[in-house]
Amino acid sequence: HSADYFDFAGCADKEAAVKLLQEAFDNGLIEKVTYDAKRALHLLTPLGIKLEALHDDVLLQAYLLDGERGNYDLLELGCSYLNSSLMADRENALAQAADITLQLCDQLNPRMSEMQVDKVYRDIELPIVPVLYDIERAGFLVDTKVLAELSVVMDAEITRLTQAIYQLAGREFNVGSPAQLGDIFEELNFEVSKRTTTGKISTSRDVLDELAEKYELPRLIIEHRELAKLKGTYVDAFPSLVNAQTGRIHTTLNQTIAATGRLSSTDPNLQNIPIRTEMGRRIRRAFIPADGCVLLSADYSQIELRLLAHVTQDPVMLESFKHNEDIHERTARAVFKARTPEELKEKRRVAKIVNFGIAYVIGPFGLAQRTGLSRHEAKKVIEDYYATYKGVKKFMDELPQQARDAGDIVRSIYGRMRRLPDLSNRNGQLRARAEREAVNMPMQGSASDIVKLAMLHVDAALKREKLHAKMILQVHDELVFEVPRDEVERTGTVVKEAMEQAIKIDVPLLVEIGLGDNWMSAKP
DNA sequence: GGGATGGTGC
DNA sequence: CACCGCACCATCCCA
């Protein structure tokens, strides 16, 4: 083979150039191999060029073969997978890139078959590229007026808090500086025990919570931090990120970052928009649909817990989901022997925390911290939990060794692979961490598979049904759509069906649909 | 520029 | 004693 490049920028007759490119890219008989197909779509689509017969994307291949190598630069991949010693060719960098891409593809395809990640590649990662592209291009409409008003409100509140903090501290200082806050703690003779890794006084949230029981100042610091965080990260940042052409915010969905197969979102990250606090919810209300549309949010209900039931085959948990029970309530009754309504209320709270914690292999320490139980009580709770969910216990105990036997590899249900070399590390702490990551992968990784499959199914179903809803975001277990008002009902049905039937596992998948005039009110 | 610290989400 | 999985991003502060 040979490689060449086309200097589009230096071309006098742009129209003729586009036409030439179009003939090649539109032609479904000419198979294309890319490095970063989503980027190619961003470049080609505005020129009116379709990318047909996308056969391979070496960036995705490299990610699926090793999701934890941070660097996917083409030359780095070349060094790792090609025999030839590569030197960056400054003269012919573009031709070289094309050449390396094709060579890599030939190397990586057989490796993918060997490692059995070809299925997740062909069925999920490669076909989802245009769906992700469409989401990025669609963007999310934001009411900047709501944000501007919020900014003023927050500013006034931050100023008020700052003055009150100065009063209590006895002097002025930079409230945003943990180091200076630490100095204040010393001056006020607060009993501060926890230190950071670098020996400084810790001013983290749990330290502040502790101190807040006795003092006013830390309470105000907590409030100040919340507001400063929300204002700085979201309210004041978003207006400048609104695209001048579209008037919308266009995030980037990264497909090759998370080791578990999740997407990540940057510039801005729309996957961590606040929801917990009242101020946070007010920010969510700034995310709105276009005129004539409503927002539709579709959430998988407890997808990771359902997957826990599926992969562990725990009979109690399977049964519970099959009967569509409230799993936290079931746990409260079965594990914590809740009987009366009052008991149930409190024990359900703890049960919920344990259920969520279990996916991360929560220990007595972590559970105690989250529930307010003592370490001793937390230990007992975990024991009781495993006594009820024996299949879960067995799975937790056996998976790390199974993974070691498989060559320090764990997989999601669709065959997505995660390498965990530290499963065999002699350092106990690193090994323990790898074991937690191993246990988490079947849940988080499989959930990623399912949501991605769902995105493909929904995309196809909307096209098939000639519906005009646009998918505008994915937030791990949630899909957000902008839907024309007169199609809301049918779209809801189609989306729910496509998501719930995305894959067949041993428990039903349940999707909750919400509608609203902003992202907050659309949350089911 | 980058580590340390802290804080949002699922 | 030790921190519980996956991300992104802000500010501070020293280099």
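Bear in mind the structure is a predicted one, so any value in this text is a computation, not a measurement. Just the heavy atoms: all of them, side chains too, but no hydrogens, waters or symmetry mates, feed the values below. Chain letters run A, B, ... following the sequence lines, proteins first, then strands; residues in each count from 1.
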Please walk me through it: do A/Lys393 and A/Glu383 pass salt bridge (charged side-chain N to carboxylate O under 4.0 Å, His left out)? CA-CA 9 Å; A/Lys393 168 73 170 155; A/Glu383 284 166 8; over 6 Å; no
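Residue A/Arg375 is the one, among A/His476 and A/Arg375, whose nearest nucleotide of DNA chain C lies closer to the 5' end (criterion: closest heavy atom). Between A/Leu367 and A/Ala179, the residue anchored nearer the 5' end of DNA chain C, judged by the nucleotide with its closest heavy atom, is A/Leu367.
C/dA2 is unpaired under the Watson-Crick or G-U wobble criterion, no partner having all donor-acceptor distances under 3.5 Å. For B/dG7, the paired nucleotide is C/dC8, the pair qualifying as Watson-Crick or G-U wobble because both relevant distances are below 3.5 Å.
Separation of the C1' atoms belonging to C/dC3 and B/dT5 is 15 Å when rounded to the nearest angstrom.
When each of C/dG5, B/dC10, B/dG6 is scored by its nearest atom to the side-chain atoms of A/Ser204, the top-ranked nucleotide is B/dG6. The side chain of A/Ser202 has B/dG6 as its nearest neighbour among C/dA2, B/dG6, C/dC8. Side-chain proximity of A/Val475 to C/dC8, B/dT8, B/dC10: nearest is B/dC10. Residue A/Arg284 has its side chain nearest to B/dC10 when only C/dC8, B/dC10, C/dG5 are considered. Among the nucleotides C/dC12, C/dC8, C/dA7, the one closest to the side chain of A/Ala259 is C/dA7. For A/Thr196, taking side-chain heavy atoms from C-beta onward, the closest of the listed nucleotides C/dG5, B/dG6, B/dG7 is B/dG6. For A/Asp267, the side-chain atoms get nearest to C/dC9 when compared with the rest of C/dC12, C/dC9, B/dG6. With C/dC6, B/dC10, B/dT8 as the candidates, the nucleotide lying closest to the side chain of A/Gln444 is C/dC6.
Looking at heavy-atom distances under 4.0 Å, A/Ile362 makes contact with a base. When heavy atoms are screened at a 4.0 angstrom cut-off, A/Gln180 is found touching the sugar-phosphate backbone but no base atom. A/Ser448 comes within 4.0 angstrom of nothing in the nucleic acid, heavy atoms only. Nucleic acid contact for A/Arg436: sugar-phosphate only, since backbone atoms but no base atoms lie under 4.0 Å from a heavy atom of the residue. Nucleic acid contact class of A/Asn272 (heavy atoms, under 4.0 Å, all strands): base. When heavy atoms are screened at a 4.0 angstrom cut-off, A/Arg418 is found touching the sugar-phosphate backbone but no base atom. Looking at heavy-atom distances under 4.0 Å, A/Ile257 makes contact with sugar-phosphate atoms alone, never a base. Residue contacts for A/Gln369: at a heavy-atom cut-off of 4.0 Å it reaches no nucleic acid atom on any strand shown. Here A/Gly366 lies in heavy-atom contact (under 4.0 Å) with a base. Residue A/Ala258 is classed as a sugar-phosphate contact, given heavy-atom separations below 4.0 Å to backbone atoms only. A/Ala432 comes within contact range of no nucleotide atom at all, as no heavy-atom separation falls under 4.0 Å.
A/Leu270 places its CG atom 13 Å from the C1' atom of B/dT8, with the value rounded to the nearest Å. Rounded to an integer number of Å, the gap from CZ of A/Phe173 to P of C/dC12 is 12 Å. Rounded to whole angstrom, the span from the CG atom of A/Leu473 across to the P atom of B/dC10 amounts to 11 Å. Nucleotide B/dT5 holds its P atom 16 Å from the NZ atom of A/Lys229, rounded to whole Å. Following rounding to the nearest Å, A/Ile275 (CD1) and B/dC10 (P) show an atom-to-atom distance of 5 Å. The distance between atom NZ of A/Lys194 and atom P of C/dA2, rounded to the nearest whole Å, is 9 Å. The separation between A/Ile221 atom CD1 and B/dG7 atom C1' is 15 Å, rounded to whole Å. Atom CD in A/Gln255 sits about 16 Å away from atom C1' in C/dC6, given to the nearest Å.
Atom-to-atom distance recorded for A/Phe238:CZ and A/Thr233:OG1 is 8.5 Å, nearest 0.5 angstrom. Expressed to the nearest 0.5 Å, how far OH of A/Tyr166 lies from CG of A/Leu217 amounts to 12.0 Å.
Put simply, A/Arg225 has no side-chain N or O that comes within less than 4.0 Å of OP1 or OP2 on C/dC12. Within the structure, every side-chain polar atom (N or O) of A/Gln429 is placed at least 4.0 Å from both OP1 and OP2 of C/dC1. Between C/dA7 and A/Asn254, no contact under 4.0 Å exists linking OP1 or OP2 to a side-chain N or O. The side chain of A/Arg433 places an N or O atom within less than 4.0 Å of a non-bridging phosphate oxygen (OP1 or OP2) of C/dG5. When the side-chain nitrogen and oxygen atoms of A/Thr203 are compared with OP1 and OP2 of B/dG6, one or more of them lie within a distance under 4.0 Å. For C/dC9, the OP1/OP2 oxygens have no side-chain nitrogen or oxygen of A/Thr233 closer than 4.0 Å.
Side-chain atoms of A/Asp267 and A/Thr252 include no donor-acceptor pair closer than 3.5 Å. Side-chain atoms of A/Asn254 and A/Thr266 include a donor-acceptor pair closer than 3.5 Å. In the model, A/Asn355 has a side-chain atom that pairs as donor or acceptor with a side-chain atom of A/Tyr385 under 3.5 Å.
A/Arg219 and A/Glu216 are joined by a salt bridge, as a carboxylate oxygen and a charged side-chain nitrogen come within less than 4.0 angstrom of each other.
For A/Glu437 and C/dG5, a side-chain-to-base donor-acceptor distance below 3.5 Å is absent, hydrogens and geometry of angles not being considered.
In this structure, A/Gln429 places its CD atom where only 12 or fewer heavy-atom neighbours from other residues, nucleotides or ligands lie under 6.0 Å away.
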